[in-house]
Amino acid sequence: MSVHWDRYRATAGPGDGDCLSLKGSSFRDGGLRQIASQTVRLGRLQPQHPGHRTIFCNDREANLLVRFKGNSVSTTKYNIFTFLPKGLFEQFRRVANLYFLMISILSTTPISPVHPITNVVPLSLVLLVSLVKEAFEDWKRLQSDMAINNTPVEVLQDQRWETIPWKKLQVGDIVRVKQDSFFPADLLFLASTNPDGICYIETSNLDGETNLKIRKALERTWDYMLPEKASKLKGEIQCEQPNNSLYTFTGNLIIDDQILPVSPNQLLLRGCSLRNSDYIVGAIIFTGHETKVMMNSMNVPSKRSTLERKLDKLILALFVALFFMCLIGAIGSGVFISRKYFYLGLTGHVEEQFNPSNRFVVSILTMFTLLTLYSTIIPISLYVSIEMIKFIQCAQFINKDLHMYHAESNTPALARTSNLNEELGQVEYIFSDKTGTLTRNLMEFFKCSIGGEVYGTRVTEIERGIAQRNGVKIDETRSATVIQEKGFNFDDPRLMCGAWRNERNPEICMEFFRCLAVCHTVLPEGGESPEKITYQAASPDEAALVTAAKNFGFFFYRRTPTSIMVRESNIEDMGNVQDATYEILNVLEFNSTRKRQSVVCRYPNGRLVLYCKGADIVIYERLAVDASDNIKNLTREHLEQFGSAGLRTLCLAYRELSIEFYDKWNEKFIQAKSSLCDREKKLDEVAELVEKDLILIGCTAIEDKLQDGVPLCIETLSRAGIKIWVLTGDKMETAINIAYACSLINNSMKQFIISSETDAIREVEDNRGDPVQTARVIKNSVRQDLDRYLQEAQLLLRSTDGPRLALVIDGKCLMHALDPSLRVSLLKLSLNCSSVVCCRVSPLQKAQVTSLVKKGARKITLSIGDGANDVSMIQAAHVGVGMSGLEGMQAVMASDFAIAQFRFLTDLLLVHGRWSYLRLCKVITYFFYKNLTFTLTQFWFTFQTGFSGQRFYDDWFQSLYNVIFTALPVIIVGLFDKDVSALISKKYPELYKEGIRNMFFKWRVVAIWAFFSVYQSLVIYNITLVSSQNGHNSSGKIFGQWNVSTMAFTCVVVTVNLRLLMACNSITKWHHMSVWGSILAWFVFIFIYSGIMTPWDRNRKMYILLFVLMSTFYFYVSLFLIPVVALLGDFVFQGVQRLLFPYDYQIVQEMHRHDIEESRSDLLEVGNHMTPDEARSFALARLPREQSKHTGFAFDSPGFESFFASQQGIFAPQKPWDVVRRASAKSKHKRSKA
Amino acid sequence: MNRTGASAAEPSSGSGDGTGARRNSKRPKYSRFTQQELPACKPILTPQWVISVFTFVGIIFVPIGVAALLASNHVVEIIDRYETACVPPNMTDDKIGYIQNPTIDKTCTRILKVPKDMDSPIYVYYQLDNFYQNHRRYVKSRNDQQLRDRSKANDTSGCDPEKTTSDGTPIVPCGLIAWSLFNDTYNFTRGNGEALKVNKNDISWKSDRDHKFGSDVFPRNFQNGTLIGGGTLDSNKPLSEQEDLIVWMRTAALPTFRKLYGRIEVDLKVNDTIMVTLKNNYNTYSFGGKKKLVLSTTSWLGGKNDFLGIAYLSIGGLCFFLATVFTVVYLVKPRKLGDPSYLSWNRNAAAQ
């Protein structure tokens, strides 16, 4: 830190004098002008930031002049004034609504055959429902905003800490934040109760990383802890303007004419929370919407489902149909109109629409007339119905599904968007992250090999699976000594409780344990007793190793900057405990090129030892030549054995150092460490000097536990025709291991491996070092591999029972394979493979692969992941699924659905997705059908009215058709229809393929509906009219037009409602209630409508009409005949289709037709009856949350480097995905604020 | 999956600490609705069902069809098209001139023969053809307020182009519909010279008379416009008694329509001849429309209407036929219900 600081000071040096003098005056006058000029002066310090803000700490009056934004935030879309205009505007962005608005306007002109009511009523009902929904959602947002804004925080007022809500905070206020609470705004860190002015923060809300980060206050401000002292603080902060970059900050704190540079290390961001420090005190820099987290919050790009996009095409087709219907009518009207029809009174002055002398104008105007008349062909209530259906599906079905509730983490599934339910039913490719998604991210010390001897009796899932396949029964006995603890799942009486002293070689065991206890970068927390302590580690692997050491009797309990304290028991004899302090002389950090980590420590007795742990390849390279080959070979065997069991391995080695050698080396080390350029590289080089001639101790095996049911889930999904790709940052071996473990790859599959770790490539990399040259070589080799594999794959696929294919590719090769020139072959090859594993991929590459399949192959993709590094992938896919219930929220925040366990994908896709898809298809096609049928009867009538555009139906019939008489049943079907039960859906995953092939919303399906729609409309129209020509009761009186149309409308309502019932797979009482209710509603309506006379009924045509109609036998005879005839066609079609061309689901229905649907309520109390294993993991889940997590192979954690690095004043390098994310956030958010 | 296996798990552990956890649990509550387990009936359209439904429909439809057809057959109908025959032979080339010439006597005599006994009442209809009473311009050219309410006599909105006379006084009843009132008249005599009285009362729907045409509204200025369209009205009779007008103004749905003219309340015997003396006043020649005179009895189903009976019979027959076809198809190419080998993935596997 101090180096840094000095550098800043040095740059500030020359201007110092000026600043000081000016400062004095500005404080005296305190005018705005001076502030401005002073700002300019000080600007010299950071010429790169022309615009910056000046904040007076603890001085509200001074800050008042600048009018900083308040700290209250609002995420609502509307306020009370903007709600109506803005909400309406949003609604009219939908084509259907806009169309209806235009039609409504058109229908107020004399051109229109219908009263404006016809179109206004449905439109306003639809708008009303949509607006109510919007208002409801916004209300919920408002409430959560209010909750946040009213969170209490302590602020310094008059030398006391006053509790005020967050929203009242202002820039410049001094606040005190308690442990575990969130920072209310972006703060400048002043003081902490911790010594050394440090505090720990958790940033999971920002980046999803849950390892703690360290922030350190400026030394000058450490003592502003108590209110009396803090109130004396009269500093001034100059810093950059608010921006959305989370990892950068520049500014100066000016106290008592001293300019102190402020870095991100003193910045506490809103959204983070304080950990491990009782209190901190900070000054507010950015508030409310200007905080970095708010400026970073981007609207998740709203996704639309593929089905909806196809629906747009259908609507377009309807518009085309509408156009042609109008065109036919318009031409007809032009041809028809003639003066010979004297009764039309066409002589003399005639309005343009009927003027026979200008037939063209007649046609044009009739075109518009018909447009208003046929407007019902566009299903106006479709969108709002779909929205309601999807909303309920999400809120009631997905979110409340007990099968997707995870008891251990107490997390139900969460649908974060309701747009994509049916998309879940059509997913063909799943892109999955590995750690935390397929695996639990729960690392447990599982086995080890010490001095050529394997310890650990537990059996992994994979081994068990292999054994099962081979028909071997493994029985696992647990000894009484078994210790259950997070991170430790090891059992071997030979090592536990000090029994290791009786082993063949206790010395090497001791080295092994010491290495585990000493060589790490873990921080202990809690208390210094084995029960209370929790380990704070960059990766769970590290924590597991230290926990293991603890359980072996080497309890690491305290770390000071220079030493590690270990409570060692059972060293000399049983029950003996002694505390040992190991002085840590040097830490040779882990990084991804070194793949190892070493510490040089001094024993209390002065012995100097270097402990090293790392990947087997790098350790084996550095072993002493004369060391016993026996142990090396045995250990290598064990490593392979562990690897094939899906365990993660690390090799442990040590080396004794002589004092002379060490001193010499240490000099070089210090030199390298203090060098200003290429420090990393120099440090690596120095490390090489000491990390050699190692003596192998053994190796550890850590189980990265697969989540429950992952292999089964993957198998089920692949039977469903879904292809699963694993995209992971892990090394290739680990990735392949896991792929085996999840039965993504098995030995009967043909594997294509494209790796950059070939000798040829490595040689080029090592020798030439020229990046351009290297890239070319890699690209060529990738090209060759791709071409070769593609040919092979095509050959294999042509043979009938060739093996299934799997592709494994690493990140470096992927980068080249994604090059436009190779992309096509990559896509071809990977689409032919049933599983693909990409390892060592960056977050950006994950997204690229996803879009490659999404855009290149036009398949529906789903991404599932848990970490910040999966965000880009989650957003790139059609459907993004986040793993919830873990610490990080970033993936969940970016996702469309959040589930707690990978295996819930089965339910999400095969049950909810499939049903939603089926239902939505049914709803859409039915909507299409019912509106077409209705409109066509109107269309046929046009032919017999001289194309005049006379309406067939009464205004109210037409306007209520869509919103009352046929609205509810289709929604009920959208909610309740199910072809087969949830259990059967999962038993026959192949049923899902119908969704992937989009069997239920093809043009063929639409055409069949359309065909029957035409048929039905012809039947209804013609039978009604033909049979209505004569007198209809014994009084011989004749019906008029309105009698006939009411008859026809009754038939339409009955027919379309019954047609829906025919389309149902399962009929609940709700179906009956809604269908019969809708028909009843029509009769009730017409009874009332024709029974009363209203002033609005312009010509009383409907009065008593129904009663006249119902007094005839004709009414009943026709009403019975017409729907039956109309539905006969559909019935025959359905019968034939089922008999001769059954869908898969229909067969399955038949197979299970006698099943009684068992209520699963009794099975749902799973949480109460736990198997011992479940009980264990449940108990673990209930332990105090440990703030650690992260990805990949033991030390691969992206958070790792930053953790210790920041302590040393070295800023963590920005991670590539941050850059990507920020870039995308910037481009999406065109902010007006500078 | 654990849910199937869970029933095997012993109900012991975990319940103790479970209660504490349950309080904060986000575990969704069980309900049949949210778990989508509502009791439902799941009809499967098996061939048996299809065949039974067809048979059932057939069994229901054929009797109804027979009954409807019998009813229709019971009805005796005499139709006489007269618009061409009533034009004097010398005028056949200029029918419009003939009809528009008020000086020519339009009387015409037609002889009808009764094919079967016709029981009273015998309904007299006129049937027009190619007359678009449903044309939009025509349909809306009326004012219902005016028809019903004496005080609204001046309200002629919507009556274009027959609102007012040339001097601007309102026409009652206004509008094209009333203006084009049909005005052919029929007089019937039996072959023996006995005049057959035509009862023109109660030929309109009662609801129309009572509620739509005012009993205190009298025709005014009717057919006093620039052009004379059709029939005239007795300006001393209120509209509610002008039943021809009321019938005419209930506009027809199709361009071919019948309207009730009156009732003959005398039984007619088979082979009776009826002489119709009609006044062929109404101009259908302009637009080539036909005019027919119809005498008809009724049944419970109304007038002669074979269509419904035939429809029922043929649909019933079709259902029997389809039932047979399905049976045959089912026998020839049976598909075992729920045969897993029909599943597409099994079929594909078998194909390979």
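All values derive from a computational prediction rather than experimental measurement. Below, chain A is the first sequence line, B the second, and so on; all start at residue 1.
Neither the backbone nor the side chain of Ser141(B) comes within contact range of chain A; no heavy atoms are under 4.5 Å apart. Both the backbone and the side chain of Val1132(A) come within contact range of chain B, each with at least one heavy atom under 4.5 Å from a heavy atom of that chain. Looking at Pro47(B), only its side chain comes within 4.5 Å of chain A, counting heavy atoms on both sides. Of the two parts of Leu147(B), neither the backbone nor the side chain holds a non-hydrogen atom closer than 4.5 Å to a non-hydrogen atom of chain A.
Ring centroids of Tyr341(A) and Tyr138(B) are separated by 6.0 Å or more, keeping the two rings apart. Proximity of the aromatic rings of His135(B) and Tyr343(A) is defined here by a centroid distance below 6.0 angstrom, and this criterion is not met. Ring centers of Phe397(A) and Phe33(B): under 6.0 Å apart, within the cut-off. Between Phe54(B) and Phe1131(A), a ring centre-to-centre spacing shorter than 6.0 Å is recorded.
Within the 4.5 Å cutoff, the side chain of Leu346(A) has heavy atoms near those of the Arg137(B) side chain. When side chains are defined from C-beta on, Asn1065(A) does not count as touching Lys42(B), because their heavy atoms never get closer than 4.5 Å.
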CA sep, side-chain torsions, deciding dist, call: Leu45(B), Leu1139(A), side-chain contact (heavy atoms from CB on, under 4.5 Å)
CA-CA 9 Å; Leu45(B) 202 60; Leu1139(A) 181 64; over 6 Å; no
Report task. List the steps and the verdict of side-chain contact (heavy atoms from CB on, under 4.5 Å) for Tyr1145(A) and Leu343(B). Result -> CA-CA 8 Å; Tyr1145(A) 79 87; Leu343(B) 291 168; over 6 Å; no
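Side chain of Gln35(B) to backbone of Lys400(A): a donor-acceptor contact under 3.5 angstrom is found. At least one donor-acceptor pair closer than 3.5 Å links the side chain of Tyr312(B) to the backbone N or O of Val1117(A). Judged by distance alone, the side chain of Trp205(B) and the main-chain N or O of Ile1038(A) form a donor-acceptor pair under 3.5 Å. Not one N or O on the side chain of Gln944(A) forms a donor-acceptor pair closer than 3.5 Å with the backbone of Pro255(B).
Judged purely by distance below 3.5 Å, without hydrogens or angles, the side chains of Gln1041(A) and Arg250(B) never pair a donor atom with an acceptor atom.
When the salt bridge (Lys or Arg N to Asp or Glu O under 4.0 Å) test is applied to Asp1144(A), no partner is found at least two apart in sequence or on another chain. With sequence neighbours excluded, no residue satisfies salt bridge (Lys or Arg N to Asp or Glu O under 4.0 Å) with Asp306(B).
Residues Arg136(B) and Phe354(A) share a closest heavy-atom pair of NH2-CZ, 4.0 Å. Taking each heavy atom of Lys1037(A) and Ile203(B) in turn, the nearest pair found is CG-O, 3.7 Å.
To the nearest 0.5 angstrom, Lys26(B) atom NZ is 10.0 Å from Leu414(A) atom CG. One distance of note links CD of Gln133(B) with CD of Gln950(A); it measures 11.5 Å at 0.5 Å rounding.
Salt-bridge check for Glu1150(A) with Arg335(B): passed, with a basic side-chain N closer than 4.0 Å to an acidic carboxylate O.
Residue with the most contacts toward chain A among Leu318(B), Leu176(B), Val329(B), Ile177(B): Leu176(B) (heavy-atom pairs, distance under 4.5 Å).
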